[in-house]
Amino acid sequence: MTGARLGRFDFTSGTAIVTGAASGIGEQPAYGLARRGAALALVDRDAARLERVADTARSRTAVPVATYVTDLADDKATHHLGEHLATCLVIDNAGAALAGMFDQVSAEEFDWLPAVGFRTVVTLTRALLPTLRARSGAHLANESPPRSRVTWGGATGTASLDCWPTHPSGPPRRSSTPRPTGGRGC
């Protein structure tokens, strides 16, 4: 059986939701989608930076740009957002990282990482799935890795703890990999 080829995506056919849109890997797709004529629903928890991105997108194109200040680590807020947005394209970029001395990072902050890095993908996808299935040719791109990262410095180097909330071969897995110092980040 051969796979079906997807036709060209019509960016002007609906609204593109971009999470993590206030900076970095979420900001740039927002500009690219606007250039291609997609109406935008930009989502982030940083209101000031999100509005700056929205203003920039509006200044470059005439497409509608809406902003949603939402902490996607909040399951109820994420589900509510997903239920109230109609879309044909989701670019999920929300992610998080923490840095600091191990004793400076609280248990709540450790719990927050997989909430942003994994659970939001699941919650938002579940909420948007009926809308996406109803739209022929709808797309979903999860660019947020299914893990969250925390790094902390110490006298001998930097350690990295990758937390995978799910693993196909069994329960969650944690690994600690020492990394040499030298001024480079993750």
Side-chain angles (χ1 to χ4, degrees), residues 3-97 112-149 162-168:
R5 282 187 141 311
L6 292 175
R8 287 188 79 102
F9 187 81
D10 180 8
F11 291 96
T12 63
S13 69
T15 300
I17 299 172
V18 182
T19 68
S23 64
I25 198 168
E27 178 180 1
Q28 295 309 313
Y31 299 145
L33 291 165
R35 278 193 307 274
R36 289 170 177 83
L40 299 175
L42 305 179
V43 181
D44 204 284
R45 65 188 186 117
D46 186 332
R49 289 170 68 182
L50 184 62
E51 197 55 42
R52 179 189 53 80
V53 171
D55 287 344
T56 301
R58 289 180 190 113
S59 74
R60 295 179 181 178
T61 183
V63 300
V65 179
T67 59
Y68 298 87
V69 178
T70 305
D71 183 354
L72 295 175
D74 179 336
D75 284 342
K76 286 182 181 180
T78 301
H79 189 76
H80 179 78
L81 178 73
E83 286 185 328
H84 291 90
L85 290 177
T87 187
C88 62
L89 176 64
V90 179
I91 308 293
D92 193 354
N93 298 294
W112 175 73
L113 284 173
V116 174
F118 181 75
R119 198 173 66 233
T120 58
V121 172
V122 172
T123 303
L124 189 59
T125 299
R126 282 185 176 157
L128 291 169
L129 203 53
T131 300
L132 292 169
R133 282 185 170 159
R135 299 281 310 249
S136 177
H139 286 66
L140 170 66
N142 289 313
E143 297 188 35
S144 178
R147 63 181 182 170
S148 296
R149 178 162 292 221
D162 294 338
C163 301
W164 295 83
T166 62
H167 189 268

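Predicted model, so just to flag it, every value in this text is computed and none were measured.
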Closest heavy-atom pair and its distance - [X], [Y]:
X	Y	answer
Val63	Ala38	CG2-O, 3.4 Å
Gly82	Leu124	CA-CD1, 3.9 Å
Ser23	Arg49	CB-NH2, 2.8 Å
Ala77	Asp71	CB-O, 4.3 Å
Leu40	Ala57	CD1-CB, 4.1 Å
Thr131	Leu85	OG1-O, 4.0 Å

Looking at [Y], is its backbone amide N or carbonyl O close enough to the side chain of [X] to form a donor-acceptor pair, meaning the two atoms are under 3.5 Å apart?
X	Y	result
Arg58	Val65	yes
Thr67	Leu50	no
His79	Asp75	no

Quick one: [atom1] on [X] to [atom2] on [Y], what's the gap to the nearest 0.5 Å?
X	Y	atom1	atom2	answer
Thr19	Ile91	OG1	CD1	9.0 Å
His80	Asp74	NE2	CG	11.0 Å
Tyr31	Arg36	OH	CZ	15.0 Å
Leu128	His84	CG	NE2	12.0 Å
Arg135	Thr87	CZ	OG1	7.5 Å

- Item | Note: Asp55-Arg52 ion pair, threshold 4.0 Å (strictly below) | no
- Decide yes or no on side-chain contact (heavy atoms from CB on, under 4.5 Å) for Leu33 and Leu89, but give the supporting numbers first. CA-CA 10 Å; Leu33 291 165; Leu89 176 64; 3.5 Å; yes
- Message: Consider side chain to side chain contact (heavy atoms under 4.5 Å, CB included). Of Asp92, Leu140, Leu72, which one does Val121 pass it with?
- Response: Asp92
- Query: Taking C-beta and beyond as the side chain, do Val43 and Ile17 meet within less than 4.5 Å on heavy atoms?
  - Reply: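 Yes. Closest side-chain heavy atoms under 4.5 Å.
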